[in-house]
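So that the names make sense, note that chain A is the first sequence line, chain B the second, and so on, each numbered from 1. These figures come from a predicted structure and were not determined experimentally.
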2 protein chains.
Amino acid sequence: MSTPAQERAPKRVSLSRERVLRCAVELADESGLAALTIRSLAQSMGTKAMSLYHYVANKEEILDGIVDLVFSEIGLPSAEGDWLGEMRRRAHDVRSALQRHPWAVGLLESRTSPGPATLHHHEATLATLRAAGFSVQMTAHAYALLDSYIYGFALQEAALPFKGRDTAAEVTAPIVQLFSTGQYPHMVEIATEHVLKPGYDFGDEFDFGLDLILDGLGRLLETP
Amino acid sequence: MSTPAQERAPKRVSLSRERVLRCAVELADESGLAALTIRSLAQSMGTKAMSLYHYVANKEEILDGIVDLVFSEIGLPSAEGDWLGEMRRRAHDVRSALQRHPWAVGLLESRTSPGPATLHHHEATLATLRAAGFSVQMTAHAYALLDSYIYGFALQEAALPFKGRDTAAEVTAPIVQLFSTGQYPHMVEIATEHVLKPGYDFGDEFDFGLDLILDGLGRLLETP
DNA sequence: AATCTTTTTCGTACAGCGTACGAAAAAGTT
DNA sequence: AACTTTTTCGTACGCTGTACGAAAAAGATT
């Protein structure tokens, strides 16, 4: 080690738009979206701020780019497979991608120009629903419903002060203590009888809603 | 008019935490979250930046505060009413609040300390579900599902480049032109046969998903 | 009315942000 | 070796949140 281990060695790598975006994702994953500044990104790539502007027009383009990069990680559903399985798998894939990159959820709200990976993803999903027999209208309804649920779940998950199995207790217990016998009896009830139970993971709630939705959609497909 | 009509008259008003937050909401509504800076907020109140810090500790507290203010606009569901009607009304209320204040959706992801109005809202919703006969576990499932859907829908709505009835065409038509006979046939299909139809409003999709979800929950309540 | 105390305002300053501009350096071509 | 193109980046500007301490205003007490 030449540098006295103050930070991750900024290994100098030949630049490119692709690499800028990949490093941006990495940096956001490690340190959060707020830490993703042009200067810090440049430093993590072993270069200087203004050098990046040869590959991206501005920061907006970086944000658009990393959102599309997240979508590119998600496998495309197949119109040939059974739609229920494909939609369930897709839902899980999208959720886990948004779990790996929690900052992406907050970015979705402000990105209005989808990238190519995003467009391909939408196209493949629509194709699968249409092939399943849904009408054009029904496909629009179903897609809006599914994505609303997935994004909303990811949004709530990103806002949680804890993450994963058995990690809620540390945060929740003192709050419950504070509220007990107070003005929030039902929140305390949910906390003590559900959240604080061993093995609790908010992520487990995902399948409940997903199955209910897919069930409802399946019902509508059968009885037109 | 003394000042030559350059901006909205910054009517000097006696300060208070309450008023700071209210003005912050107003400013974010009018000019977007990015325009909500300490300096611009101060100017809109006819005072100077540092004066605000006597009422709020920092900007984070302002963001927490305005999110809670949005929740305070939403009527509380009643545990006495029929749960289905109450939950439907609540869903619509939350959605329209997030439509009035689109910036709030993006803020939800980063706020981990809910304010009093938010807590009261959660408490009342949980109470209604429990009173309807849902078990503790089922209430947790139902709440996560409903809020995921509502937030996710609001998120997608906020990301749309158009808003309201018959406004999609202007934005969508040129894109369809660009893509037609191209690699996105199903997106074009949805656009031409659904989105571009007169009277289209993405907001109308909300009820489809909401009814499907409430239907599914009702079914689970009856057959335990 | 004068003095003292507390509350409220805000001028100045600083580090960090995105990025415009143009020069310097490097790489590629002839 | 000379010229051209591509790539790097030093400097500077206006913006951000906010630390610090002084100034001003308001209230209290004598």
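As a whole-Å value, the separation of Leu41(A) CG from dT19(C) P is 12 Å. Put simply, CD on Glu60(A) is 17 Å from P on dC17(C), counting in whole angstrom units. Protein atom CD of Gln43(A) is 11 Å distant from nucleotide atom P of dG16(C), rounded to whole Å. Across the protein-nucleic acid pair, Asn58(A) atom CG and dC21(C) atom C1' stand 16 Å apart, rounded to whole Å. The nearest whole Å value for the distance from the CD1 atom in Ile62(A) to the P atom in dC17(C) is 13 Å. Spacing between atom CZ of Arg19(A) and atom P of dT7(D) amounts to 13 Å, rounded to whole angstrom units. Atom CG in Leu63(A) sits about 14 Å away from atom C1' in dC17(C), given to the nearest Å. Rounded to a whole Å, the CG atom of Leu15(B) is 16 Å from the P atom of dT7(C).
In this structure, Lys163(A) contributes its side chain and Gln99(A) its backbone to no donor-acceptor pair below 3.5 Å. Judged by distance alone, the side chain of Glu123(B) and the main-chain N or O of Met187(A) form a donor-acceptor pair under 3.5 Å. For Thr125(A) (side chain) and His121(A) (main-chain N/O), a donor-acceptor pair under 3.5 Å exists by modelled atom type.
Between dC10(C) and Ser51(B), a contact under 4.0 Å exists linking OP1 or OP2 to a side-chain N or O. Between Lys48(A) and dT8(D) there is no side-chain polar atom (N or O) within less than 4.0 angstrom of OP1 or OP2. Between Thr37(A) and dG16(C), a side-chain N or O to OP1/OP2 separation shorter than 4.0 Å is absent. Contact annotation: Tyr55(A) side-chain N/O to dT7(D) OP1/OP2 distance is not under 4.0 Å.
Checked against dT18(D), dC10(C), dG18(C), the side chain of Lys59(B) finds its nearest nucleotide in dT18(D). With dT18(D), dT19(C), dC9(D) as the choices, the nucleotide that has an atom nearest any side-chain atom of Ala49(B) turns out to be dT18(D). Side-chain proximity of Met50(A) to the nucleotides dT8(C), dA20(C), dG17(D) is greatest for dA20(C).
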Could you run down the sub-3.5 Å N/O contacts of the protein with nucleotides 23-26 of chain D?
none

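Legend: residues meeting salt bridge (Lys or Arg N to Asp or Glu O under 4.0 Å) with Glu157(A), ordered by chain and number and at least two apart, are Arg95(A).
Aromatic pair Phe206(A)/His92(A): centroids less than 6.0 angstrom apart. Side-chain rings of His122(B) and Tyr143(B) approach one another, their centers coming within less than 6.0 Å.
Within the structure, side-chain hydrogen bond (donor to acceptor under 3.5 Å, both in side chains) contacts touching residues 60-78 of chain B (residues at least two apart or in different chains) are Arg17(B)-Glu61(B), Glu60(B)-Arg111(B), Asp64(B)-Arg111(B), Asp64(B)-Ser113(B), Asp68(B)-Thr118(B), Glu73(B)-Arg100(B), Glu73(B)-His101(B).
The base of dG18(C) is paired with the side chain of Arg39(A) by a donor and an acceptor separated by under 3.5 Å.
Position along DNA chain D of the nearest nucleotide to Tyr53(B) versus Tyr53(A) favours Tyr53(A) as the more 5'-ward residue.
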